[in-house]
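All heavy atoms count here, side chains included; hydrogens, waters and symmetry mates do not.
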Amino acid sequence: MAALVGSAGATWGLPALADDGEPTQVQPVLPKEPLSIVSASGRHVFSVELAKTPRQQQVGEMFRTQVPADGGMLFPWGAPQQSDMWMENTLVPLDIVFIGPDQRVQAIVENAVPQSLAHISSHGPALATLELAGGVTARLGIMVGDKVEAASLAPSAPVASVPQAAQPTTKTP
């Protein structure tokens, strides 16, 4: 998996926090599941970490020095909602893939700029957001409309539900 900077986390496996509650180091590797994207160029299989809790979603891929070409992080929102990301404390470029309620790629932002505070928006309800290593979507020919398959995206999948008002704007990872 990704090379990690610093220790594996503070007590109870949580990332270290500054006095203001902001993360100060990478979070431990999260549970993973297989995810496939079916495109005109074939079936592309990834092993993605699942960021299900609000804290896991806030920290995301912050402070990581690499994301494997066959890895990434999935942010399942539980129900379709607006998804806004940014790259604060993210040290590597990422391709950010917004997955629509129909489990298809709804939008892709390629090579998001490390450490940028610019908001990256789904521009509409997203079922989930997927972060991949920068450049992977172009290299594999992944495009808007491609089908995304993962257990966490199945209609009956148990996902931590975060009320819209309590949902922090995710600091990407």
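- With hydrogens and angles disregarded, a donor-acceptor distance shorter than 3.5 Å links the side chain of Gln57 to the backbone of Ala51.
- Contact between Gln106 and Ile99 at its shortest, heavy atoms only, is OE1-C, 4.3 Å.
- Under 3.5 Å, the side chains of Ser36 and His44 contain no donor-acceptor pair of N or O atoms.
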Q. Going through the checks in order, is the side chain to side chain contact (heavy atoms under 4.5 Å, CB included) test met by Val45 and Leu35?
A. CA-CA 6 Å; Val45 180; Leu35 176 141; over 6 Å; no
Legend entry - Test salt bridge (Lys or Arg N to Asp or Glu O under 4.0 Å) applied to Glu110 and Arg139, step by step: CA-CA 11 Å; Glu110 295 179 340; Arg139 184 173 53 78; over 6 Å; no
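- There is a side-chain donor-acceptor pair under 3.5 Å between Ser121 and Gln82.
- Between the side chain of Glu33 and the backbone N or O of Ser152, at least one donor-acceptor pair lies under 3.5 Å.
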Side chain to side chain contact (heavy atoms under 4.5 Å, CB included) assessment of Met87 paired with Ile120 = CA-CA 9 Å; Met87 298 287 288; Ile120 300 166; 4.2 Å; yes
- When you look at Gln103 and Lys147, which way does the side chain to side chain contact (heavy atoms under 4.5 Å, CB included) test go after all the steps? CA-CA 6 Å; Gln103 293 182 240; Lys147 181 72 172 168; 3.5 Å; yes
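- Contact detail for Trp86 and Ala118: the closest heavy-atom pair is CB-O, 3.4 Å.
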Practice item. Start with the C-alpha distance between Ser39 and Leu140, add both sets of side-chain angles, then the distance that settles side chain to side chain contact (heavy atoms under 4.5 Å, CB included), and finish with yes or no. Key: CA-CA 9 Å; Ser39 71; Leu140 297 178; over 6 Å; no
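- For the pair Ile37/Phe46, a side-chain contact is recorded, criterion being any heavy-atom separation below 4.5 Å from C-beta on.
- Between Arg64 and Glu131 there is no salt bridge, since none of the side-chain N atoms of the basic residue sits less than 4.0 Å from a carboxylate O of the acidic one.
- The shortest side-chain heavy-atom distance between Pro76 and Lys52 falls under the 4.5 Å cut-off.
- When all heavy atoms of Gly60 and Phe75 are compared, the closest pair comes out as CA-CZ, 4.1 Å.
- In terms of heavy-atom proximity, Ser47 sits nearest to Lys32 at OG-CD, 3.4 Å.
- The cluster map of Ile, Leu, Val, Met, Phe, Trp and Tyr, joined by side-chain heavy atoms under 4.5 Å apart, puts Leu127 and Ile108 in the same cluster.
- At least one donor-acceptor pair under 3.5 Å links the side chain of Asn111 to the backbone N or O of Gly135.
- Using a 4.5 Å heavy-atom threshold, the side chains of Met62 and Val26 count as separate.
- The backbone N or O of Gln56 lies less than 3.5 Å from a partner atom in the side chain of Gln27, making a donor-acceptor pair.
- Residues Ser83 and Thr129 come closest through the heavy atom pair OG-OG1, 2.7 Å.
- Using a 4.5 Å heavy-atom cutoff, the side chains of Ile96 and Leu130 are not in contact.
- Note on Leu30: it clusters hydrophobically with Met85, by side-chain heavy-atom contacts below 4.5 Å among ILVMFWY residues.
- Nearest heavy-atom pair across Ala107 and Val144 is CA-CG2, 4.0 Å.
- In this structure a side-chain-to-backbone donor-acceptor pair under 3.5 Å is missing from Asp95 to Leu132.
- Using a 4.5 Å heavy-atom cutoff, the side chains of Val67 and Leu94 are in contact.
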